[in-house]
Number of protein chains: 4
Amino acid sequence: MTEAHSVKRQARGRQRIADILDAALALFAQNGYEGTSTNAIAARAGISPGSLYQFFPNKEAIAEALSARLLEQMRAAHSSAFDLAQVTDLTLHELIDRMVDPLIAFNLANPGAKALMANTDLPARLQGAARPLQQAVVDRVAAIIGARSPRLPAAERNLAAMVAVRIVVAMMPPIVTAQGAERNALIAELKKALHGYVLPIEAH
Amino acid sequence: MTEAHSVKRQARGRQRIADILDAALALFAQNGYEGTSTNAIAARAGISPGSLYQFFPNKEAIAEALSARLLEQMRAAHSSAFDLAQVTDLTLHELIDRMVDPLIAFNLANPGAKALMANTDLPARLQGAARPLQQAVVDRVAAIIGARSPRLPAAERNLAAMVAVRIVVAMMPPIVTAQGAERNALIAELKKALHGYVLPIEAH
Amino acid sequence: MTEAHSVKRQARGRQRIADILDAALALFAQNGYEGTSTNAIAARAGISPGSLYQFFPNKEAIAEALSARLLEQMRAAHSSAFDLAQVTDLTLHELIDRMVDPLIAFNLANPGAKALMANTDLPARLQGAARPLQQAVVDRVAAIIGARSPRLPAAERNLAAMVAVRIVVAMMPPIVTAQGAERNALIAELKKALHGYVLPIEAH
Amino acid sequence: MTEAHSVKRQARGRQRIADILDAALALFAQNGYEGTSTNAIAARAGISPGSLYQFFPNKEAIAEALSARLLEQMRAAHSSAFDLAQVTDLTLHELIDRMVDPLIAFNLANPGAKALMANTDLPARLQGAARPLQQAVVDRVAAIIGARSPRLPAAERNLAAMVAVRIVVAMMPPIVTAQGAERNALIAELKKALHGYVLPIEAH
DNA sequence: GATGAATGAGGATTCATTCAT
DNA sequence: AATGAATGAATCCTCATTCAT
């Protein structure tokens with residue numbers, strides 16, 4: 001009985017948190033972090049301002065949790081696409097497809113994500129919170145590059161991963177904004193840029 | 001007499017505006033657009049809040065004017081570096097050097113510029129204000145590409161210019177932040193990325 | 001069966017109330033009345049906020065009940081020390097010892113009591129709640145003075161009792177705060193003050 | 001011209017500050033520190049909440065400034081009454097009159113003063129702000145005792161001053177509250193208490 | 001033209017109290 | 001009876017903007 005209670009309660013709690021993060025994601029995407037009030041988040045989440053603070057101690061914590069959630073979702077989206085072992089069997093074109101496509105799909109599904117990925121929005125104090133999101137992707141890309149080019153020094157590998165991710169992130173806003181053929185053209189261009197950058201690196 | 005007055009007055013007015021924009025640039029760079037109060041801008045410009053509103057109707061207008069000024073400065077920095085006529089005589093490496101180096105110099109000299117170039121900081125309503133800044137650079141790059149590859153369709157030329165500029169902008173924050181050898185490595189990497197992207201385009 | 005239930009229930013209820021008042025006493029002493037949240041009281045009492053309101057209709061009622069409990073405890077502490085009949089046989093020094101010492105012991109044992117005795121903390125609306133606490137002591141002191149100086153008019157007797165109690169209360173905070181020799185010096189000083197005040201009154 | 005401006009401005013500023021402190025004094029006296037909102041202070045002072053913060057950085061600062069102002073007023077009221085040199089020529093009765101009467105006058109004129117003198121109200125963090133108020137009086141009293149009883153060790157002198165002041169402060173609330181004959185009776189009683197306490201001390 | 005005091009709506013956060021479970 | 005999530009009014013404080021001087 002008590003257990004049933006607590007199970008239901010926890011489920012409701014998780015749902016509340018999800019609602020809050022959904023609301024925050026939408027509002028951050030629209031108005032930025034500073035432009036979004038906690039009361040607005042609460043209202044969009046369908047709860048009272050007081051309730052919001054039962055789940056998050058302050059506004060920053062919402063941004064942090066949102067970052068973490070996006071990170072997790074992105075990791076999931078990514079790792080399901082292919083595993084490190086097979087990475088050496090792919091052509092560079094195939095590799096880029098498998099890496100970029102899920103990222104684009106993720107950003108299309110989470111239009112607010114860019115607000116946190118391109119972390120220029122948040123106050124300096126908070127940018128650390130969004131860092132892991134990008135960094136996680138960078139690490140994964142570095143691992144893939146390492147698997148394919150084992151002789152590449154670690155420093156160069158990490159640098160290349162960072163640059164590649166920055167290129168992807170930089171192209172994300174127009175890709176998300178565009179529609180249909182235009183979007184496809186942008187995606188093709190992004191892939192060309194990655195190919196042109198990575199090909200010489202893989203060739204030593 | 002009246003003329004002399006008005007001349008001095010206008011000169012002083014221009015100086016005031018410059019002071020305000022300088023102050024805004026420094027503060028936006030440090031605290032972001034939302035994190036910067038108009039009173040703080042006025043204080044740093046050495047004037048009263050009331051005076052600030054004699055030159056700008058509201059906070060947004062300051063960001064817009066700042067964008068415009070940065071644009072103008074960047075255009076100047078750029079066009080002084082080389083002129084379109086000679087552009088076809090350069091190797092791609094030379095071309096990239098002549099385009100990227102002044103941009104980097106400009107961003108190092110104006111550390112706040114990135115706050116407006118990577119426009120994610122501003123509220124959605126305002127991002128249009130920063131658009132011209134990037135767009136002007138894109139146009140110039142498109143012109144250069146057009147001069148070197150006259151058979152490239154306009155659409156592709158513009159797309160390529162946009163992508164190239166986005167890559168440059170994306171790399172600017174770490175470049176500005178880094179120091180010495182690390183910065184040089186980042187610059188080299190940026191140039192490699194541009195080279196890898198543009199080379200196939202120029203080859204048709 | 002029902003009776004047994006209700007007996008146990010009432011016992012548990014009393015325990016709950018005692019727990020709540022203990023918690024409130026500790027927290028009021030530490031953070032004052034306004035600085036103490038009902039949720040904090042409930043938490044320290046080991047119950048839920050909802051349960052707290054099953055025993056007290058609101059926060060004020062807790063302060064009132066706490067006052068009443070302290071009063072009762074003080075009365076008990078006092079009357080056990082000596083009884084009115086013997087009061088005439090004591091020297092003034094002895095009398096003061098017998099009155100002051102238990103009061104000090106009580107305050108040392110209940111460090112939060114002073115928050116209610118020196119009632120300046122509570123909102124004006126509430127100060128009436130703490131009145132009885134002091135008034136009860138005043139009445140007892142007045143009775144003692146009356147027993148020793150039967151010819152003293154009632155008005156003067158009550159006035160003297162009030163003044164004496166105020167002097168005691170005024171000295172309580174430093175006495176409770178101090179330690180060892182310093183505390184003893186303060187107690188001695190308090191007794192000197194009382195002696196100096198009461199002696200002329202007893203001499204007519 | 002500018003000077004005239006600034007003179008007027010400063011005068012207005014001082015008036016504003018005085019108004020704010022008056023408002024705060026009245027409201028603190030009525031509802032205590034925590035029970036008084038900064039908006040309420042602003043409203044009673046006839047200004048906007050924003051204006052209040054042009055003069056005080058936060059609520060605490062208001063309490064501190066109020067303490068300081070009361071202290072200054074009290075010092076003034078006191079030192080005008082008599083000077084240390086003549087203190088030895090007075091009888092104890094005269095001395096007590098000259099010390100107590102201005103204090104009572106001061107408290108009657110500033111009914112809110114007691115809220116800060118009996119510092120139990122303020123949050124622990126703030127009590128230091130009110131300390132100087134009492135301490136200044138204690139110091140002055142100690143100096144007077146020292147002048148009259150030069151052989152009394154400093155420690156005893158300070159202790160006696162502290163006790164005397166506590167007795168005065170303890171009697172202030174009923175004195176301020178009472179009226180006419182009742183008030184006079186209370187004042188007489190306070191003086192008797194002081195006399196009874198100090199006389200043996202002066203006699204060694 | 002310049003000043004800076006004044007404004008007041010709005011934002012993050014707390015907390016006494018209620019109520020569905 | 002008990003729980004603790006939910007409420008929402010109220011708090012302190014900020015800041016874009018105005019206006020009397």
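All heavy atoms count here, side chains included; hydrogens, waters and symmetry mates do not. To find a chain, count down the sequence lines: A is the first, B the second, and so on, and within it residues start at 1.
- Every side chain to side chain contact (heavy atoms under 4.5 Å, CB included) that B:Ala65 has, sequence neighbours left out, goes to B:Leu21, B:Phe56.
- Note on B:Arg16: every side-chain N or O is 4.0 Å or more away from OP1 and OP2 of E:dG1.
- The distance from atom CD of A:Glu34 to atom P of E:dA12 is 9 Å, rounded to the nearest whole Å.
- Counting heavy atoms from C-beta outward, C:Ile17 and C:Arg14 have side chains that stay 4.5 Å or more apart.
- A:Ser51 places no side-chain N or O within 3.5 Å of a backbone atom of A:Ile47 that could act as its donor or acceptor partner.
- Between C:Arg69 and C:Leu25, some side-chain heavy-atom pair lies under the 4.5 Å cut-off.
- Counting to the nearest Å, the C1' atom of F:dA5 and the CZ atom of A:Phe56 are 15 Å from each other.
- Contact annotation: the side chain of B:Arg44 never approaches that of B:Ile20 to less than 4.5 Å [non-hydrogen atoms, C-beta and beyond].
- Per the geometry, OH belonging to D:Tyr53 stands 5 Å off C1' belonging to F:dC13, to the nearest Å.
- Dashed line: the shortest gap from a side-chain N or O of D:Ser51 to OP1 or OP2 of E:dA5 is not under 4.0 Å.
- A:Ser48 has no side-chain polar atom (N or O) that falls below the 4.0 Å cut-off from OP1 or OP2 of F:dA6.
- Heavy-atom nearest nucleotides on DNA chain F were determined for D:Pro49 and for A:Gln54, and the one closer to the 5' end corresponds to A:Gln54.
- Stem analysis of DNA chain E (at least three stacked-register Watson-Crick or G-U pairs, each with both distances under 3.5 Å) gives E:2-21 with F:2-21.
- Cation-pi contact between D:Lys59 and D:Tyr33: present, with separation from the ring centre below 6.0 Å and deviation from the ring axis of at most 45°.
- Between B:Leu52 and A:Ala40, the residue anchored closer to the 5' end of DNA chain E is B:Leu52, taking for each the nucleotide with the nearest heavy atom.
- When rounded to the nearest whole Å, the span between CG of C:Asp19 and P of F:dA2 equals 12 Å.
- Salt-bridge annotation for B:Arg12 and B:Asp19: absent, with no side-chain N of the basic residue lying under 4.0 Å from a carboxylate O of the acidic one.
- Across the interface with DNA chain F, nearest-nucleotide mapping of A:Gly50 and C:Ile47 shows C:Ile47 to be the residue nearer the 5′ end.
- OP1 or OP2 of E:dA12 sits under 4.0 Å from a side-chain N or O of A:Thr38.
- Rounded to whole Å, the distance from CD1 on A:Ile62 to C1' on E:dG11 is 13 Å.
- Nucleic acid contact class of B:Phe55 (heavy atoms, under 4.0 Å, all strands): sugar-phosphate only.
- Following rounding to the nearest Å, D:Arg14 (CZ) and E:dA5 (P) show an atom-to-atom distance of 13 Å.
- Base engagement by A:Asn39 is indicated by at least one non-hydrogen atom pair under 4.0 Å involving a base atom.
- Atom-to-atom, CG of A:Asn58 to C1' of E:dG11 comes out at 14 Å; the value is rounded to the nearest Å.
- Distance, A:Ile20 CD1 to E:dA12 C1': 15 Å, rounded to whole Å.
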